[in-house]
Amino acid sequence: MTEHVKTELDGGVLTVTLARADKKNALTDAMYGALADALDRAESDAAVRVVLLQGDGDSFTAGNDLADFAAQSTGSFKGEKQVFRFLRSLAKATRPIVAAVQGNAVGVGTTMLLHCDLVYLADTARLLTPFVNLALVPEAASSLLLPARVGHARAYAMFALGEPVDGATAVNIGLANAVVPAAELRARARAAAEALAKRPLGALAHTKGLMRDRERIAEQMSREGVIFQERLKTAEAREAFAAFAERRQPDFSKVVG
Ligand code: COA
């Protein structure tokens, strides 16, 4: 349990809100656990027809908590790696997932959108997947799903250069449905979720299943996961995490591997 993820069921829509605004909704192990619980509940509770993901504050999420990554890189991490549960639940989900994204959506904040069915962006949205800057590799099957969606060139620039994508571009390249003024974001996403809640659940589930190769997605997540876990323990990654904590640019010139 964590107070940093709030859930509310209303009219068939399970709204899941990231609520750690002072840390830009950076995701801790406990938060991944709560997100996985919410997605699992959506599958088993007949009252849930749609999941709506949103974040409090000015950022959707700054991605994985970098202090957790730093602890994982030195072996002092005490969590349970709930992130894997979350990613598996996301990959398996049959209920439609709608996302409302404002400000920064970093790392998994963007890659989770590749598993959402409708994505609405505020005009402040900035999608970022700077895995290589952190000496890491893409996750959440994004190494498969992002190039499939936006092409290799754009996906590579996002992964390797950490090139940000603004709202209008995200819509143009097929990462999102629409950009709206920030003040209207939640209402727009809520309206879409309510519209889906009125659609026949069985037809929605089959449509989603037909549009996603879940086996291939799970396989890619496993491949990524092995390399990601190895990368976390490298000198390169330790330098990247130390640089973030010390608010400086990383220097990879003296570290290899
Ligand atoms: N993990 C842990 N804490 C984070 C965080 C993260 N991923 N992202 C932001 N925070 C914390 C900051 O340390 C800061 O904490 P403090 O107030 O105690 O110093 C607080 O959230 C606000 O962040 P700040 O960097 O001051 O906000 P900003 O508006 O200038 O920048 C971001 C926002 C998201 C661009 C910037 O915080 C960032 O780049 N974060 C790291 C993103 C990242 O690399 N995630 C991992 C992806 S795999």
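For clarity, every value in this text was computed on a predicted model and none was experimentally measured. In listed order, ligands and their atoms are each counted from 1.
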**Study point:** Shortest non-hydrogen contact from Arg95 toward Lys208
**Key:**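 Smallest interatomic distance, heavy atoms only, reads O-NZ, 3.0 Å.
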Review point. Does the distance from a Lys or Arg side-chain N to an Asp or Glu carboxylate O, for Asp10 and Arg190, drop under 4.0 Å?
Key: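 Between Arg190 and Asp10 there is a salt bridge, with a charged N closer than 4.0 Å to a carboxylate O.
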Practice item. Look at Lys92 together with Asp40 and state whether they make a salt bridge at an N to O cut-off of under 4.0 Å. Key: no
Review point. With sequence neighbours left out, which residue pairs that include part of residues 190-215 fulfil the ring pair (Phe, Tyr, Trp, His ring centres under 6.0 Å) condition?
Key: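 Sorted pair list comes back empty.
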Point to revise | Under the salt bridge (Lys or Arg N to Asp or Glu O under 4.0 Å) test, residues paired with Glu8 that sit two or more places apart | key: none
Check your understanding: In the hydrophobic clustering that connects Ile, Leu, Val, Met, Phe, Trp and Tyr at side-chain heavy-atom distances below 4.5 Å, which members other than Leu210 occupy its cluster, ordered by chain and number?
Key -> none
Note down each nitrogen or oxygen pair, ligand 1 side and protein side, whose separation is under 3.5 Å; give only atom names and the distance to 0.1 Å.
{"from": "ligand 1", "atom 1": "1 (N)", "to": "Leu66", "atom 2": "N", "distance (Å)": "2.8"}
{"from": "ligand 1", "atom 1": "7 (N)", "to": "Ala62", "atom 2": "O", "distance (Å)": "3.2"}
{"from": "ligand 1", "atom 1": "7 (N)", "to": "Asn64", "atom 2": "O", "distance (Å)": "3.0"}
{"from": "ligand 1", "atom 1": "15 (O)", "to": "Lys23", "atom 2": "NZ", "distance (Å)": "3.3"}
{"from": "ligand 1", "atom 1": "18 (O)", "to": "Lys23", "atom 2": "NZ", "distance (Å)": "2.5"}
{"from": "ligand 1", "atom 1": "19 (O)", "to": "Arg247", "atom 2": "NH2", "distance (Å)": "3.3"}
{"from": "ligand 1", "atom 1": "26 (O)", "to": "Arg247", "atom 2": "NH2", "distance (Å)": "3.4"}
{"from": "ligand 1", "atom 1": "45 (N)", "to": "Ala62", "atom 2": "O", "distance (Å)": "2.8"}

